Amino acid sequence: MSALPHPHTATDSELDIDSATAARARLHSRYRELPGSLPDGLPASWNDTLDTLLSHRSVRSYLDQPLPAGALEIAIAAAQSAPSSSNLQAWSVVSVTDPERKARINAVSGKQRQIAEAPLLLVWLADLSRLRGIAGSLSHTADGLDYLETFLLGVIDAALAAQNAVTAFNSLGLGSCYIGALRNDPATVAAELGLPPEVFPVFGLTVGVPDPARASDIKPRLPQSSVLHREQYESSVRPDDLSRYDSTLRGFQAEQAMPSVDWTRQLSQRIGTVAALKGRDRLTEVLKELGFKLK
Ligand SMILES: Cc1cc2nc3c(=O)[nH]c(=O)nc-3n(C[C@H](O)[C@H](O)[C@H](O)COP(=O)(O)O)c2cc1C
């Protein structure tokens, strides 16, 4: 497989400085500040794995190029290297490259440009069908599959696997973007992909060679103090963190020429109404149609 430039590689000046400084630079990119509780002088070391993880950004603009040979197979091996609950491996993935099939899936996903552009769309599946088939072939019951717990297990397994693939693609210089929007209409996606009962498309993932002319940057996250609780959950809302984050994200939006909107407002719109769920409010019903019992 030909080597691709790493889209997230530290700049030369970052690479020249010692690893603790490079590490702090990466941490700073993620938060636009350093975690307040990070002791001076730490972290003492840095490595490529941390660099790849902290450099993540969703990529929505791709070159008109296929993936390098072998990239998919390596990423799926990384996905299969993820932990799996009881090693049930309750997930599968469908690789879609046919532009017409992609377009039909895109039609239920709000017609997102990156789906049209990406040479590859991976659809990650919570797959209880394989487990039921295997139990059946051994003349076993599979009553445990009928519960919400096992559906959740499949979704968790699929998500862990997919995120390993995302990191593997990043490390190969490829970019990706999750597509949760295909859950607007999972039944149509299931029919399009010929999914048997008890297989649920959890999300899609567009993958391709990032277009350097339309590069995305690292999107800052909430201050660490808002998500890291020690021993017991503290307050869920830290007003200082939130006002800092609103202003940090506005800065990011300005740099990226994105519409300027506070994160707190954005999230309120996203969770404010049933209409904002864009059809996903029917999910319990649709899952039952897809054969899940969710007891
Ligand atoms: C499960 C999931 C579903 C997502 N669905 C979409 C989507 O349908 N369209 C999209 O453009 N981005 C989607 N995203 C990407 C998020 O918008 C993105 O991860 C978030 O804004 C943070 O930006 P970053 O990934 O660049 O750090 C999704 C992310 C996740 C984890």
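By convention here, the first residue in the shown sequence is residue 1. All of these numbers come straight from a predicted model, not from anything done at the bench. Whatever order the structure lists ligands and atoms in, that order sets their numbers, starting from 1.
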Check: Should the heavy atoms of other residues, nucleotides or ligands under 6.0 Å from CG of Asn47 be counted, would the total exceed 12?
Finding: yes
Next item on the list: Ignoring angles and geometry beyond distance, decide whether Gly180 reaches within less than 3.5 Å of ligand 1 through its nitrogen or oxygen atoms.
Entry: yes
Item checked: Distance filter under 4.0 Å to His56 heavy atoms, resulting ligand 1 atoms -> 24 (P), 25 (O), 27 (O)
Notebook entry, point to check: Parallel, tilted or perpendicular for Phe200 and Phe292, by the 30°/60° rule?
Noted result: perpendicular
Notebook entry, point to check: Does the side chain to side chain contact (heavy atoms under 4.5 Å, CB included) test come out yes or no for Gln163 and Tyr178, once each step is laid out?
Noted result: CA-CA 9 Å; Gln163 184 53 31; Tyr178 281 105; 2.8 Å; yes
Check: Does Asp98 CG have over 12 foreign heavy atoms under 6.0 Å away?
Finding: yes
Next item on the list: Please report which non-hydrogen protein atom sits nearest to atom 28 (C) of ligand 1, along with the residue it belongs to and the distance in Å to one decimal place.
Entry: Tyr178 CB, 3.5 Å
Notebook entry, point to check: Does Gln112 reach ligand 1 with a nitrogen or oxygen that is under 3.5 Å from one of the ligand's nitrogen or oxygen atoms?
Noted result: yes
Notebook entry, point to check: What side-chain hydrogen bond (donor to acceptor under 3.5 Å, both in side chains) pairs are there with at least one residue in residues 198-217, not counting sequence neighbours?
Noted result: Tyr62-Thr206, Glu117-Arg214, Arg132-Glu198, Asp211-Arg214
Check: To which protein heavy atom is atom 1 (C) of ligand 1 closest, and what is the distance rounded to 0.1 Å?
Finding: Phe203 CD2, 4.0 Å
Next item on the list: Could you tell me which atoms of ligand 1, counted from 1 in the order shown, lie closer than 4.0 angstrom to a heavy atom of Cys177?
Entry: 10 (C), 11 (O), 12 (N)
Next item on the list: Taking atom CD of Glu100 as the centre, report whether more than 12 heavy atoms of other residues, nucleotides or ligands fall under 6.0 Å from it.
Entry: no
Next item on the list: List every atom of ligand 1 that sits less than 4.0 Å from any heavy atom of Gln114, numbering the atoms from 1 in the order shown and giving each element.
Entry: 9 (N), 10 (C), 11 (O)
Next item on the list: Could you name the option among Arg221, Arg183, Arg57 that has the heavy atom nearest to atom 22 (C) of ligand 1?
Entry: Arg221
Margin query: Minimum distance, heavy atoms only, to atom 17 (O) of ligand 1: which one of Arg30, Arg60, Arg113, Gln163 is it?
Written below: Arg60
Checklist line | Protein contact to atom 21 (O) of ligand 1 [nearest heavy atom, distance to 0.1 Å] | finding: Lys219 NZ, 2.7 Å
Note to self: Need the ligand 1 atom indices (1-based, order shown) with element for anything under 4.0 Å from a heavy-atom of Ala181.
What the structure shows: 8 (O)
Checklist line | Closest protein heavy atom (residue, atom, distance) for atom 26 (O) of ligand 1 | finding: Ser58 N, 2.7 Å
Check: Is it the side chain, the backbone, both or neither of Ser109 that has a heavy atom closer than 4.0 Å to ligand 1?
Finding: neither
Notebook entry, point to check: Is the number of heavy atoms from other residues, nucleotides or ligands under 6.0 Å of Lys295 NZ greater than 12?
Noted result: yes
Check: Same cluster or not: are Leu88 and Val202 linked, directly or through other Ile, Leu, Val, Met, Phe, Trp or Tyr residues, by side-chain heavy atoms under 4.5 angstrom apart?
Finding: yes
Check: For Thr188, what residues pass the side-chain hydrogen bond (donor to acceptor under 3.5 Å, both in side chains) criterion, not counting sequence neighbours?
Finding: Asp185
